[in-house]
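Reading through the structure tokens given below for one structure.
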Amino acid sequence: MSSVVLLKPRRFADPRGWFMETYSRRALAERGIDVEFVQDNHSLSRPAGTLRGLHFQTPPHAQGKLVRCTAGRIMDYALDVRQGSPTYGRFLAAELSAENGHQLWVPAGFAHAFVTLEADSEVVYKVTDYYAPDCDGGIRFEGAGIDWPLPGVDPVLSDKDRALPTLADFDSPFPYDGHPLPDRLD
Ligand SMILES: Cc1cn([C@H]2C[C@H](O)[C@@H](COP(=O)(O)OP(=O)(O)O[C@H]3O[C@H](C)C(=O)[C@H](O)[C@H]3O)O2)c(=O)[nH]c1=O
């Protein structure tokens, strides 16, 4: 297992544009991420300030997620909610964009969310377990100690997300695997 990892796959630019490998099992294993993905997800968020999350699936269908932005720009968040983790309740964030091509690995045991920083932002992400509605869970973004990244822009979120429990009221079902959150993403 690993902690949260920021990946910056190389882009090969030429006069036609660019080419990049967006997924390589070998490249992930070199970063300590040895997982098998079983599903790809893709979402379009039209308004800037769209907030999806903080979400997770509970065991036995907890998901690791490899997240990237293919249109626009997002702030992507991973919040440590593993019982007994020395970094429980801490989060790391990374700006992912179509322009920078960066990717965030969010292991199982972390609540995931993103806020779109531009209109019509698209996010695609690979997950390590299938969608399991009975295991769908989450924590309110508000009250999780995360600053809203778009002052003056009201969040746009689903009714489901408005009704999520706060971090203070959350009873985590996730075990700690011995990988504390790093101080920052390098
Ligand atoms: C996640 C998922 C959803 N759905 C269906 C269920 C709903 O009818 C519809 C929208 O689902 P939801 O509102 O949960 O979508 P998001 O708010 O974008 O949630 C996702 O966004 C945050 C950032 C995440 O990390 C999770 O992957 C996921 O929770 O798609 C599926 O059919 N399969 C799926 O894997």
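Keep in mind it's a predicted model, so treat the numbers as computed, not measured. When a ligand or atom number is given, it counts from 1 through the structure's own listing order. We use all heavy atoms of the structure for the numbers below, so side chains are in, but hydrogens, waters and symmetry mates are not.
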### Query
What protein heavy atom sits nearest atom 6 (C) of ligand 1, and how far off is it?
Tyr131 OH, 3.4 Å
### Heavy-atom side-chain proximity of Thr50 to Ser121 below 4.5 angstrom
no
### Query
Does the protein put a heavy atom under 4.0 Å from atom 9 (C) of ligand 1?
no
### Given Lys65, Arg68, Lys126, the one that forms salt bridge (charged side-chain N to carboxylate O under 4.0 Å, His left out) with Asp40
Lys126
#### Entry: Ligand-residue contact atoms, ligand 1 with Lys65, heavy atoms, under 4.0 Å
24 (C), 25 (O), 26 (C), 27 (O)
### Message
Does only the side chain of Tyr125 get under 4.0 Å from ligand 1, or the backbone, or both, or neither? Count heavy atoms.
### Response
side chain
### Task
Calculate, to the nearest 0.5 Å, the distance between atoms CG and CZ belonging to Asp34 and Arg26 respectively.
13.5 Å
### Heavy-atom side-chain contact between Phe141 and Leu167 under 4.5 Å
no
### Query
Is Gln39 in contact with ligand 1, taking contact as a heavy-atom separation below 4.0 Å?
yes
### Query
For the side chain of Gln103 and the backbone of Thr22, is there at least one donor-acceptor N/O pair under 3.5 Å apart?
yes
### Query
Are any of the heavy atoms in Gln63 under 4.0 Å away from ligand 1?
no
### Task
From the options His55, His42, His112, select the one whose nearest heavy atom is closest to atom 29 (O) of ligand 1.
His55
### Message
For atom 18 (O) of ligand 1, tell me which residue out of Gln57, Lys160, Arg52 has the closest non-hydrogen atom.
### Response
Arg52
## Note on the structure
Value for CZ (Phe110) from NE2 (His112), rounded to nearest 0.5 Å, stands at 12.0 Å
